[in-house]
Amino acid sequence: MSKKPSQNMAVHNETLIYLFPLVFRAILSLVVLIPLTTFFLDAEDFGLFALITVLVLPIQALGSSSSRWVIGGNTFKGMTEDNYRELIFNLLLFEFLVRSLIVLVYFLMGQQILALAFGEVSDLYLSFFHLALLASLLGSIWPTVSYLMIVQKKAIVYAIFLVVQLCINGLVSAIGLWHLGWGVEALFIALVSANLVSLVFELWFIKDQVRPKPSMTSVRNITGYFLRSIPGGTIEITNGLFERILISQHVSLAGLGIYSHSQQYLGIMKSATQAFSNVLTPRTLQVYSEEADARELSALLYFWFAFLCVLGIGMVFFADEFIAMLTHGKFTDAAPLLILWVFFTLSSSFGIPYAQYLIAFKRTNLLMYTQVIPSLVGIVTLWPAIVTYGYYGAAVTMLSVSLVTQFSRRWAALHSGMVAINDKMFLASLAILIIIWALDWFLKPTFSNEILFFLSASFIYLWIIGIWSRIKNYIAGHANKDSSSVS
């Protein structure tokens, strides 16, 4: 009698657990935070918050890829437990010291940094900037700790952390805006509060997973990954900085507020992609490290692309009404951007298995090149795109960079020995969404017709890709696995 637990059931359980924070965030944002914040704050407030937070983005983003590369490249490589715990300790210490140094430099140069974005610098803006710096410092080790949870398949712990962060952020924002009469400062204070509480729990989580022993060998290993992550991270940061500064200067601060509001919905989609990636990552690293069967990964990607495409069809027809309902009619100009964010989410999801393959085989130099080169092209085209098309130009540029990045990683992975996975499904979903988007723009249907078109288009799409037989085969295949596990 085999006592091995069903891996199929484990996948289902972890998927539900990783989805819970996403569902919670979506409900909290759509039912409470977006209606509340858009009632008390206007587009210029959101633009101010977006611009200051992007100025401190280098602290949060610099080296965050290196932690994933270090953990992903060493977890399944047969290290002893003591050496692995020692590596994690040195990784956490390294990242905290690097980010602390950057925070100190930013604090000393606060006036000059804000002057680049705003021209004249007020004491109020400087205090907001200092709050953003504090939030970044408190969140220094979260990228490493969270990825460690994912690789170790500690889905419940990860979900609890995210829910606590969301609750603290939402509670402080609500109290500050509604009860205390604060303005945009409520968003900054909420960010600091959430990161502070999270840091306490992060330290509790990793206390038994590290071996407090500085090691030059580990530091040299980490430094190599860190240096390879800097070009891509720096380019990505520069892209985000230029994007928001250019929108504030060539559109308006209110225009930046509209753009950043649309990115709240992108944030929900990114969380959904992250939840999916959390389920996929440990299995992908293990499958490619051990050269095992990748059919289960292919099936998960198939259903994920189908979900995103149906979501995109919904965004094509109902984005205007959806945003108008949530924001008291203030931010409806953000509606056309939502379908672009669905395209972006599809693109990011397409690249997950190819990036994980390169990480598993420690081809992080290829990850660096496939991020740096497209991002450099994106920066060059960002200025004329925003000057000509406003924030729509920024969104299209962001999407184009993502597509080139993911296809470059696909090319690199295939030339390193990987077999392509779900390419046709991705391209079919992308093509169908573009066709439906064009038809909606051309026909401009009424709301009642939009409902009919949505149901019809979704059904036809699911029929074309054969979703019903796929579900049947997937269930039957896992039922056979479950029965064969008991003998």
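In what follows, residues are counted from 1 in the order of the sequence shown. Note that these values count all heavy atoms, side chains included, but never hydrogens, waters or copies made by symmetry.
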| message | Donor-acceptor check, side chain of Arg99 to backbone of Ser136, threshold 3.5 angstrom: yes or no? | response | no

| query | When the ring planes of Phe317 and Phe454 are compared, do they come out parallel, tilted or perpendicular, using 30° and 60° as the limits? | reply | perpendicular

| query | Roughly how far apart are Leu430 CG and Leu308 CG, rounded to 0.5 Å? | reply | 11.0 Å

| note | When His261, Glu243, Arg244 are each screened for side-chain contact (heavy atoms from CB on, under 4.5 Å) with Leu256, the one that passes is Arg244

| message | Please determine whether side chain to side chain contact (heavy atoms under 4.5 Å, CB included) holds for the pair Leu33 and Gln264, giving the CA-CA distance in whole Å, both sets of side-chain angles, and the decisive distance to 0.1 Å. | response | CA-CA 11 Å; Leu33 289 181; Gln264 289 186 271; 5.9 Å; no

| Any donor-acceptor pair under 3.5 Å from Lys330 side chain to Thr38 backbone | yes

| field | N/O donor-acceptor pair under 3.5 Å between Asn195 side chain and Ala135 backbone | value | yes

| said: Any heavy-atom pair between the side chains of Val251 and Ile258 that's under 4.5 Å? | reply: no

| With under 30° as parallel and over 60° as perpendicular, where do the rings of Trp411 and His415 fit, or are they tilted in between? | tilted

| said: Can you classify the ring geometry of Tyr259 versus Trp341 as parallel (below 30°), tilted (30 to 60°) or perpendicular (above 60°)? | reply: perpendicular

| task | Looking only at non-hydrogen atoms, find the nearest pair between Pro384 and Thr388 and report the distance. | result | O-OG1, 2.7 Å

| Chi angles and distances behind the side chain to side chain contact (heavy atoms under 4.5 Å, CB included) call for Leu187, Ser173 | CA-CA 6 Å; Leu187 303 182; Ser173 297; 4.3 Å; yes

| Counting heavy atoms not belonging to Phe201, are there more than 12 under 6.0 Å from its CZ? | no

| message | Looking at every non-hydrogen atom in both residues, tell me the closest pair between Leu462 and Ala306 and how far apart they are. | response | CD2-CB, 4.5 Å

| said: Before you tell me yes or no, could you show the steps for Met418 and Gln356 under side chain to side chain contact (heavy atoms under 4.5 Å, CB included), namely the whole-Å CA-CA distance, both residues' side-chain angles and the distance that decides it to 0.1 Å? | reply: CA-CA 11 Å; Met418 182 182 173; Gln356 296 300 333; over 6 Å; no

| query | Does the side chain of Ile352 come within less than 4.5 Å of Thr273's, by heavy atoms? | reply | yes

| Exam field: side chain Tyr392 to backbone Ile386, donor-acceptor pair closer than 3.5 Å | no

| Does a donor on one side chain and an acceptor on the other come within less than 3.5 Å for Tyr461 and Ser429? | yes

| field | Heavy-atom pair of closest approach, residues Asp320 and Thr332 | value | O-CG2, 4.2 Å

| message | Just by distance, no angles: are the side chains of Glu450 and Thr446 close enough, under 3.5 Å, to form a donor-acceptor pair? | response | no

| said: Given 3.5 Å as the limit, does a donor-acceptor pair link the side chain of Ser198 with the main chain of Ala194, or not? | reply: no

| Rounded to the nearest 0.5 Å, how far does CD1 of Ile436 lie from CD1 of Ile313? | 4.0 Å

| said: Less than 3.5 Å apart, any donor N or O on the side chain of Glu95 or Thr144 sitting next to an acceptor on the other? | reply: yes

| message | Are the side chains of Thr405 and Arg409 in contact, using a 4.5 Å heavy-atom criterion? | response | yes

| request: Indicate the ring-plane relationship of Phe447 and Phe318, choosing parallel, tilted or perpendicular according to the 30° and 60° boundaries. | output: perpendicular

| request: Kindly say whether Leu455 contributes a backbone atom to a donor-acceptor pair with the side chain of Ser458 at under 3.5 angstrom? | output: no

| said: I'd like to check Leu326 versus Glu321 (side-chain heavy atoms, cut-off strictly below 4.5 Å). Are they in contact? | reply: no

| query | Mind checking whether Ser416 and Leu358 have side chains closer than 4.5 Å, heavy atoms only? | reply | yes

| query | Tell me, do Arg25 and Leu162 make a side-chain contact under 4.5 Å, heavy atoms counted? | reply | no

| field | Approximate separation, where rounding is to 0.5 Å, of Leu337 CG and Met398 CE | value | 10.5 Å

| Okay, side chain of His328, backbone of Pro35: is any donor-acceptor separation there less than 3.5 Å? | yes

| request: Say whether Ser349 and Trp304, considering side chains only, have a donor N or O and an acceptor N or O under 3.5 Å apart. | output: yes

| Does the side chain of Phe161 come within less than 4.5 Å of Glu202's, by heavy atoms? | yes

| Between Ser347 and Ser402, is any side-chain donor less than 3.5 angstrom from a side-chain acceptor? | yes

| request: For Thr37 and Ile34, work out which heavy atoms get closest and say how close. | output: OG1-O, 3.4 Å

| request: Check whether any side-chain heavy atom of Tyr354 sits under 4.5 Å from a side-chain heavy atom of Gln406, and report yes or no. | output: no

| Near Ile156 CD1, under 6.0 Å, is it more than 12 heavy atoms from other residues, nucleotides or ligands? | no

| task | Considering non-hydrogen atoms only, spot the tightest contact between Phe350 and Phe305 and give its length. | result | CA-CZ, 3.8 Å

| When rounded to the nearest 0.5 angstrom, what is the spacing between CG in Asp333 and OG in Ser262? | 11.0 Å

| Thr345 backbone acceptor or donor facing Ser348 side chain under 3.5 Å | no

| Chi angles and distances behind the side chain to side chain contact (heavy atoms under 4.5 Å, CB included) call for Tyr265, Ile323 | CA-CA 10 Å; Tyr265 307 102; Ile323 292 182; 3.9 Å; yes

| field | Ile247 versus Gly255, closest heavy-atom pair with distance | value | CG2-C, 4.0 Å

| Between Phe343 and Trp437, does the ring centre distance come in under 6.0 Å? | yes

| Thr327 side chain to Phe331 main-chain N or O, any donor-acceptor pair under 3.5 Å? | yes

| request: Measure the spacing between OG of Ser260 and CG of Leu51 and express it to the nearest 0.5 Å. | output: 10.0 Å

| task | Check the surroundings of atom NZ in Lys424: do more than 12 heavy atoms from other residues, nucleotides or ligands lie under 6.0 Å from it? | result | no

| note | Output for pair (Met149 CE, Ile160 CD1), nearest 0.5 Å, gives 9.5 Å

| Any donor-acceptor pair under 3.5 Å linking the side chain of Ser248 with the backbone of Ile245? | yes

